[in-house]
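Being a predicted model, the structure only gives us computed values, none of them experimental.
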Amino acid sequence: QVQLVESGGGLVQAGGSLRLSCAASGRTFSSDAMGWFRQAPGKGREFVAAISGSGSSTYYADSVKGRFTISRDTPKDTVYLQMNSLKPEDTAVYHCAARRTSLLAVTPNSYDSWGQGTQVTVSS
């Protein structure tokens with residue numbers, strides 16, 4: 001089982017930037033596809049971005065395309081989410097997730113390991 005720990009969240013003004021990190025440990029991580037999801041109060045878990053096990057493929061929700069970038073550093077077992085031009089509607093708890101295949105996915109139930117999440121708050 002992969003253990004995932006997110007960091008990098010915080011309070012930022014609209015238009016600002018944050019970089020989230022997700023450190024993985026446990027079973028072999030290099031072949032896992034990874035995803036970022038977010039959950040705002042009173043809402044369901046929403047797909048944000050995903051990256052394949054090789055890092056060669058990425059996919060983004062329309063709401064963050066062009067503003068967020070997902071990347072991975074396999075030797076460091078870490079996945080990143082660079083978030084630019086942040087908006088108040090980006091406010092949520094952000095979770096990273098891993099799945100036991102190199103193919104990326106966009107649905108939460110496709111992932112078998114989850115981190116506890118990190119809070120991102122964007123003020124207007």
### Query
Just how far is it from atom CZ of Arg67 to atom OG of Ser85, taken to the nearest 0.5 Å?
7.0 Å
### Message
For the OG atom of Ser57 and the CG atom of Leu103, what is their distance to the nearest 0.5 Å?
### Response
8.5 Å
### Message
For a 4.5 angstrom cut-off between non-hydrogen side-chain atoms, does Val122 reach Glu89?
### Response
no
### Message
So which atom in Tyr111 and which in Ala33 form the shortest heavy-atom distance, rounded to 0.1 Å?
### Response
CE2-O, 4.1 Å
## Note on the structure
Sorted by chain and number, sequence neighbours left out, salt bridge (Lys or Arg N to Asp or Glu O under 4.0 Å) with Glu46 holds for Arg38
#### Entry: Residues forming a side chain to side chain contact (heavy atoms under 4.5 Å, CB included) with Tyr60, sequence neighbours excluded
Ala49, Thr58, Val64, Lys65, Thr69, Ile70
### Query
Under 3.5 Å, side chain of Gln116 to main-chain N/O of Glu6, donor-acceptor pair present?
no
### Message
Give me the atom names and distance for the closest heavy-atom approach of Val79 to Met34.
### Response
CG2-CG, 3.6 Å
Contacts under 3.5 angstrom, residues 7-24 side chains, donor-acceptor by atom type, not counting sequence neighbours:
from, atom 1, to, atom 2, distance (Å)
Ser17, OG, Asn84, OD1, 2.9

### Residues that Tyr94 engages under ring pair (Phe, Tyr, Trp, His ring centres under 6.0 Å), provided they are two or more places apart
none
### Query
Could you state the interatomic distance from CZ (Phe47) to OH (Tyr59), rounded to the nearest 0.5 Å?
7.0 Å
### Message
Once rounded to the nearest 0.5 Å, what's the spacing between atom OG of Ser25 and atom CG of Leu4?
### Response
7.5 Å
### Query
Taking a hydrophobic cluster as the set of Ile, Leu, Val, Met, Phe, Trp and Tyr residues connected by side-chain heavy atoms closer than 4.5 Å, whether directly or through intermediates, do Trp114 and Leu104 fall within one such cluster?
yes
#### Entry: Set of residues satisfying side chain to side chain contact (heavy atoms under 4.5 Å, CB included) with respect to Ser102, sequence neighbours excluded
none
#### Entry: Whether Thr78 side chain and Lys76 backbone form a donor-acceptor pair below 3.5 Å
yes
### Message
Using the salt bridge (Lys or Arg N to Asp or Glu O under 4.0 Å) criterion, which residues pair with Lys43? Sequence neighbours excluded.
### Response
none
### Intermediate values then yes/no, side chain to side chain contact (heavy atoms under 4.5 Å, CB included), Trp36 and Met83
CA-CA 12 Å; Trp36 284 97; Met83 305 186 296; over 6 Å; no
### Message
Nearest 0.5 Å, please: how far is CZ in Arg100 from CG in Asp32?
### Response
8.0 Å
### Task
Looking only at non-hydrogen atoms, find the nearest pair between Ala92 and Ala40 and report the distance.
CB-N, 3.8 Å
### Query
Can you get from Val106 to Phe37 by hopping between Ile, Leu, Val, Met, Phe, Trp and Tyr side chains that sit under 4.5 Å apart?
yes
### Query
Tell me, do Leu86 and Phe68 make a side-chain contact under 4.5 Å, heavy atoms counted?
yes
